[in-house]
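Working notes for the structure below.
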Amino acid sequence: MSDTPDSAVRTYIQQHRAAFLDDLAEWLRIPSVSAQPEHAGDVARSADWLVAKLKETGFPVAEVWPTAGAPAVFAEWPSDDPEAPTVLVYGHHDVQPAARADGWHTDPFEPVLADGRLHARGAADDKGQVFFHTLGVRAHLAATGRTAPAVRLKLLIEGEEESGSPHFRALVEAGADRLAADAVIVSDTGMWSETTPTVCTGMRGLADCEIELYGPDQDIHSGSFGGAVPNPATVAARLVAALHDADERVTIPGFYDGVAPLTDAERALFAELPFDEKAWLSTAKSHGTLGEDGYSTLERIWARPTAEVNGIGGGYQGPGGKTIIPSSATLKLSFRLVAGQDPDLIEVAVSQWIAQRVPAGIRYDLAFGASTRPCLTPLDHPALQSVARAMSRAFDGQKILFTREGGSGPAADLQDVLGAPVLFLGISVPSDGWHAPNEKVEVELLLKGVETAAHLWDDLAAALSRSV
């Protein structure tokens, strides 16, 4: 248990609330969109801004780490205790593209604070959740009288997460000695809801590919040649139709090899959550559930691997008819992966499956994007209990429940390279609209994140010291 007084933490946070939000708004005005080359300078400016702010916070080391793409930021604040454990916080400072024409009510890069919500691109994903650590560590010091954190605190804030983290693993491998840690805290996830605080215990991995299928050298007459030559659009449709069986299981041989099964304890934890399927469907803008037989909706999106068709196209798409056999067709597939699966092996399995199903007379190109490995926190790890305790204190003793995340991120690279357990600390909620128009963060929840971080470092210092 942390020795940080709750009232002292809250008093400090309230005293510095306005300045904290002003600083965050200043950062949010920088359109650090890593996916758009015209914003490369803004991503670099965002990294420089964060380095300056971390130095102002008190970090004696704060520096830009260049990559072959967009820059990351590294910071370090040693503890006064030379035996203190080391904790690395991960987040990202790049953001998704955004424009007023996408449906934003206001300029996405001009933050608006209204009704307890801060609207801007990056408010929740992920600048807000990175930035709460700056006020959190200051509240930790102020409330305890320390001059340095209870742990050796490091930060690694990536600049390419929204572009698939193509250079992240190389960055971590190159900087492994300086990034070495006893635990990693990822602040790029969310909670179940405003009234149900939760800690995420895992994220799925990701592999994706694009298949270009080529038939005739040009579009040809379907009457003169149809039924006698292969049609690439038909082949694309057959590949899609063959991807799942009648129980919605992926049919690719070897796809489920190594998948970690759900335990009874994990299923019980999922069942504790106040899941309303009708409300969930409304959020999903969908009209019915469908998925692998034998699993609940939450189990399907958190703990089971999937194969999805992200796009399919080919042939004439204009008004009226055009009776052709198209010369080409395109198929985009993605695979969400769970603990025990290796993206490299999945790529091999997918490649072999496609090769066996594409008929003679059809040529194809297959290209895979940057993959992401799955990540899972052991439920019995003492650091996980530290995160839950710190969050419970911030939420006035409320019981903290556990979730997983259906999406993907680069956390597993930190786990693999550094050999440290990964914990997740996020305060965003589903209504925040990650990647969507009018993204926002609930200010009171953001401050709960600050408070959680303020309590966490003492608790982790004790828990990790005992576990060594």
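The chain is numbered in sequence order, starting from 1.
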Leu213 vs Thr330, test: side chain to side chain contact (heavy atoms under 4.5 Å, CB included). Steps then yes/no.
CA-CA 6 Å; Leu213 299 153; Thr330 302; over 6 Å; no

Under the side chain to side chain donor-acceptor pair (under 3.5 Å) rule, what do Glu158 and Ser165 come out as? Steps first, then yes or no, please.
CA-CA 8 Å; Glu158 188 189 358; Ser165 302; 2.7 Å; yes

What verdict does the ring pair (Phe, Tyr, Trp, His ring centres under 6.0 Å) test give for Tyr90 and Phe168, after you've listed the backbone C-alpha separation in whole Å, the side-chain angles of each residue and the deciding distance to 0.1 Å?
CA-CA 12 Å; Tyr90 166 85; Phe168 185 69; 5.4 Å; yes

When you look at Leu88 and Leu155, which way does the side chain to side chain contact (heavy atoms under 4.5 Å, CB included) test go after all the steps?
CA-CA 5 Å; Leu88 173 68; Leu155 273 63; 5.6 Å; no

Given side chain to side chain contact (heavy atoms under 4.5 Å, CB included), test Phe335 with Leu206 step by step and report yes or no.
CA-CA 6 Å; Phe335 306 89; Leu206 176 66; 5.9 Å; no

Applying salt bridge (charged side-chain N to carboxylate O under 4.0 Å, His left out), run through Arg169 and Glu173 and close with a yes or a no.
CA-CA 6 Å; Arg169 189 177 181 97; Glu173 289 174 340; 3.2 Å; yes

Passes salt bridge (charged side-chain N to carboxylate O under 4.0 Å, His left out), Asp416 versus Arg373? Steps please.
CA-CA 9 Å; Asp416 290 348; Arg373 304 176 71 82; 2.7 Å; yes

Report the C-alpha separation of Asp125 and His92 in whole Å, then their side-chain angles, then the decisive distance to 0.1 Å, and conclude whether the side chain to side chain donor-acceptor pair (under 3.5 Å) test is met.
CA-CA 8 Å; Asp125 182 23; His92 63 91; 3.1 Å; yes

Take Arg152 and Glu76 through the salt bridge (charged side-chain N to carboxylate O under 4.0 Å, His left out) test and state the conclusion after the steps.
CA-CA 7 Å; Arg152 187 180 193 96; Glu76 183 173 10; 2.6 Å; yes

Let's go through Ser34 and Asp94 carefully: what are the C-alpha distance in whole Å and the side-chain angles of both, what is the deciding distance for side chain to side chain donor-acceptor pair (under 3.5 Å) to 0.1 Å, and is it a yes or a no?
CA-CA 6 Å; Ser34 61; Asp94 64 319; 2.7 Å; yes

Checking Asp365 against Ile211 for the side chain to side chain contact (heavy atoms under 4.5 Å, CB included) test, could you report, in this order, the C-alpha distance in whole Å, the side-chain angles of both residues, the deciding distance, and whether it holds?
CA-CA 6 Å; Asp365 292 327; Ile211 310 158; over 6 Å; no

Apply the test side chain to side chain donor-acceptor pair (under 3.5 Å) to residues Ser334 and Asn310: give CA-CA distance (whole Å), side-chain angles for both, the deciding distance (0.1 Å), then the verdict.
CA-CA 7 Å; Ser334 66; Asn310 307 131; 3.0 Å; yes

Worked verdict on Glu299 versus Arg304 for salt bridge (charged side-chain N to carboxylate O under 4.0 Å, His left out):
CA-CA 6 Å; Glu299 290 166 357; Arg304 297 299 295 169; over 6 Å; no

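Closest approach of Leu179 and Leu418 over heavy atoms only: O-CD1, 3.6 Å. Residues Pro421 and His381 come closest through the heavy atom pair CG-NE2, 3.3 Å. The heavy-atom pair separating Phe109 from Ala98 by the smallest distance is CE1-O, 3.8 Å. Considering all non-hydrogen atoms of both residues, Pro31 and Arg45 come closest at CD-NH2, 3.8 Å. Listed here is the closest heavy atom pair of Met191 and Pro197: SD-CA, 3.7 Å. The minimum heavy-atom distance between Ala388 and Val199, with the atom names listed, is CA-CG2, 4.3 Å.
Looking at Ser408, its side chain does come within 3.5 Å of a backbone N or O of Gly205 through a donor-acceptor pair. In terms of modelled atom types and a separation under 3.5 Å, the side chain of Ser286 and the main chain of Ala284 share a donor-acceptor contact. A distance-only check finds a donor-acceptor pair linking the side chain of Arg121 to the backbone of Ala436 [under 3.5 Å]. The backbone N or O of Glu347 sits less than 3.5 Å from a side-chain atom of Ser351, completing a donor-acceptor pair.
Under the side-chain hydrogen bond (donor to acceptor under 3.5 Å, both in side chains) rule, Ser431 has a single partner from Glu442, Arg117, Lys440, which is Lys440. Shown are Leu331, Ile354, Val235, Leu239; of these, the side-chain contact (heavy atoms from CB on, under 4.5 Å) with Tyr364 is made only by Ile354.
Pairs passing the side chain to side chain donor-acceptor pair (under 3.5 Å) check and including a residue from residues 246-266, sequence neighbours excluded, read Arg249-Glu292, Thr263-Glu266, Glu266-Arg404.
Using modelled atom types, one finds no donor on one side chain facing an acceptor on the other under 3.5 Å when comparing Gln96 with Trp434. For the 3.5 Å distance criterion, the side chains of His167 and Glu160 qualify, holding a donor opposite an acceptor.
Note on ring orientation: taking the six-membered ring where Trp is involved, the planes of His93 and Trp27 are parallel (angle under 30°, cut-offs 30° and 60°).
Atom CD of residue Glu194 and atom CG of residue Asp432 lie 7.5 Å apart, to the nearest 0.5 angstrom. Taking CZ of Phe424 as the start and OG1 of Thr201 as the end, the distance is 8.0 Å to the nearest 0.5 Å.
Residues Phe275 and Trp192 have side chains in contact (heavy-atom distance under 4.5 Å, counting atoms from C-beta outward). Using a 4.5 Å heavy-atom cutoff, the side chains of Leu281 and His287 are not in contact. Using a 4.5 Å heavy-atom cutoff, the side chains of Leu464 and Val87 are in contact. Within the 4.5 Å cutoff, no side-chain heavy atoms of Lys332 are placed close to those of Ile312.
Between Glu26 and Lys53 no salt bridge is recorded (no basic side-chain N to carboxylate O distance below 4.0 Å). The existence of a salt bridge linking Arg363 and Asp217 is confirmed by a sub-4.0 Å separation between a basic side-chain nitrogen and an acidic carboxylate oxygen. Under the 4.0 Å criterion applied to side-chain N and carboxylate O atoms, Arg204 and Glu405 are not assigned as salt-bridge partners.
Residues passing the side chain to side chain contact (heavy atoms under 4.5 Å, CB included) test with Glu63 are Val61, Trp65, Phe74, Arg178, sequence neighbours excluded.
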